[in-house]
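All heavy atoms count here, side chains included; hydrogens, waters and symmetry mates do not. Computed from a predicted model, the values in this text were never measured in an experiment. So you know, we letter chains A, B, ... as the sequences are listed, proteins then strands, and number each from 1.
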There are 2 protein chains.
Amino acid sequence: MSPSPSKPVPAYVQIKDYVRLQIESGIWTSGSLIPSEHELVKQFGVSRMTVHRALRELTVDQVLNRVQGAGTFVTSHKYQSTLIAIKSISDEIASRGGTHRCEILILEPTVEPRALEALGLDAGDRAFHSRLVHFENDVPIQLEDRFVNPHLYPHYLEQDFHTVTPNVYMTREAPLQRAEYVITARMPDATARHRLHMDIGEPCLVLQRKTWAHGQVATEVTLWHPASRYRFAGSM
Amino acid sequence: MSPSPSKPVPAYVQIKDYVRLQIESGIWTSGSLIPSEHELVKQFGVSRMTVHRALRELTVDQVLNRVQGAGTFVTSHKYQSTLIAIKSISDEIASRGGTHRCEILILEPTVEPRALEALGLDAGDRAFHSRLVHFENDVPIQLEDRFVNPHLYPHYLEQDFHTVTPNVYMTREAPLQRAEYVITARMPDATARHRLHMDIGEPCLVLQRKTWAHGQVATEVTLWHPASRYRFAGSM
DNA sequence: CAGTGGTCTAGACCACTGT
DNA sequence: CAGTGGTCTAGACCACTGC
């Protein structure tokens, strides 16, 4: 039953497991005060740094809540909010063992007010606009419509996005600081529907993302996915 | 410019900030080897534990990648995968200052094979089934269709879900261990469309979640939201 | 082999909480 | 005030890597 008899479990991990077990088994209830670091030091026969590390990491994991001077408590709000993981399209296809291909529909400058506003640029300025379709094994699964800040990516229009996706290019060029995401369900317009080879009446799962770099809006992208061929999945 | 002159910044935080700055400014490039703990100890005049903590926390944050015996490297894949936060419906409405109301459509036992299979129960067993509509200021925004494992929640059918949502009740009753999530876009059937007061042709944003407790499937829930009135949002 | 990171100790000083 | 957690030190032993 134990094919790998090696791997000694670090003391701080054992303490973390112990704490988690006390909570899961209901011995330490939500919101209650747990033993102090000093008591756990005596109980486990380790130094305080070791106990402290275990409790600190459980605080990061939202399992415990520590108040200096008062004590350590079991977190009461659990699984109230939750996270869904979203990968980049090329990684995702690669991880499934599929072949990625990309078709470029638009790659040009634009003065659309909508683009300038999204990027926080002045009315007289210009932006870059690209529109691509990503295929997995020759089936379209994502329509990528993107506005790019030309002051951060002056050579954006000269890239060959057949070989490097805009996402990968942009993360290479400038360190991204922050991003905001919105997931919605929307009906595609006729041209988008044709590009994605969708039946009439089929909705799209849409991810819109705005990303900042160097304190400015770097890019705003809208990703359209056919509902029948795409989903966001995650676990925790 | 510094209204709160107090707050001494801990050394490990200063080191974390230093490392982040080196990376953001491009001095330490993606994938490159950074100075060893020993060198940073000399540079900052602190103990190795302090440097180690800084680097370990940056490893958790996916900023660094450490290999025992080799060294510490700048992580190359950044912002490749991303997280969307999803809150519980009652919290969400409350945080917007709205009023939550709940209408109970179904609350009964079921022997549907689909329910039993989802919960990992035997064919001769039974499950609980509930269907509710959640309103924000009297506008329907979520249709909650839920199967519940009766062995974990034997008193589920006796609850008053007007006052406590199933989500809150279940997290109170049993500590949840793990969850899997799928987000899709789907067209509602006619009854769901009527329940959510939706126009014909409008899609739904659907979240399906399966949750485990005590090593068993505790519940599987499908949440239908009118696309025009609901979205998932997050940032990082 | 020398150098790296992973873990751990036995102290220490401090800021903070509750009484 | 005694007790709590937050931080930090100056060592130590070990497992691992690359040469």
List in numerical order all residues of residues 45-55 of chain B for which some heavy atom is under 4.0 Å away from an atom belonging to DNA chain C.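 Under 4.0 Å from DNA chain C: B:R48, B:M49, B:H52.
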
Sequence neighbours excluded - salt bridge (Lys or Arg N to Asp or Glu O under 4.0 Å) pairs with any residue from [range]:
| range | result |
| --- | --- |
| residues 148-170 of chain B | none |
| residues 9-19 of chain A | A:K16-A:E57 |
| residues 60-73 of chain A | A:R20-A:D61, A:E37-A:R66 |

C:dC8 phosphate, OP1 or OP2, under 4.0 Å from A:Y12 side-chain N/O: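 Indeed not, no polar side-chain atom of A:Y12 lies that close.
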
Please check: side-chain N/O of [X] versus main-chain N/O of [Y], any donor-acceptor pairing under 3.5 Å?
| X | Y | result |
| --- | --- | --- |
| B:H225 | B:I141 | no |
| A:T50 | A:V46 | no |
| B:S32 | B:T29 | yes |

To the nearest angstrom, how far is [X] atom [atom1] from [N] atom [atom2]?
| X | N | atom1 | atom2 | answer |
| --- | --- | --- | --- | --- |
| B:E57 | C:dG6 | CD | P | 13 Å |
| B:L33 | D:dC19 | CG | P | 12 Å |
| A:K42 | C:dT9 | NZ | P | 17 Å |
| B:L58 | C:dG6 | CG | P | 13 Å |
| B:R56 | D:dT7 | CZ | C1' | 13 Å |

A:T222 and side-chain hydrogen bond (donor to acceptor under 3.5 Å, both in side chains): which partner among A:Q208, A:R209, A:K210?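 Exactly one option meets the side-chain hydrogen bond (donor to acceptor under 3.5 Å, both in side chains) with A:T222, and it is A:Q208.
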
Stems where DNA chain C pairs, listed by first number, each of three or more Watson-Crick or G-U pairs under 3.5 Å: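 Stem list for DNA chain C: C:1-16 with D:3-18.
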
Could you list, one pair per line, each protein nitrogen or oxygen that sits under 3.5 Å from a nitrogen or oxygen of nucleotides 1-4 of chain C, together with the distance?
| unit_1 | atom_1 | unit_2 | atom_2 | d |
| --- | --- | --- | --- | --- |
| C:dG3 | N2 | B:G69 | O | 3.0 |
| C:dT4 | OP1 | B:S36 | OG | 3.3 |
| C:dT4 | O2 | B:G69 | N | 3.2 |

For B:Y156 and B:Y169, take the angle between the two ring planes, folded into 0 to 90°, and tell me which bin it lands in: parallel under 30, tilted 30 to 60, perpendicular over 60.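 The arrangement is tilted - the two ring planes meet at 30° to 60°.
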
Regarding B:Y230 and B:E92, do their side chains bring together a donor and an acceptor under 3.5 Å, going by distance alone?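 Indeed, the side chains of B:Y230 and B:E92 share at least one donor-acceptor pair under 3.5 Å.
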
Are B:H151 and B:Q216 linked by a side-chain donor-acceptor pair shorter than 3.5 Å?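 No - no donor-acceptor pair under 3.5 Å links their side chains.
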
More than 12 heavy atoms of other residues, nucleotides or ligands under 6.0 Å from CD of B:Q43: is that the case?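 Yes, enclosed.
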
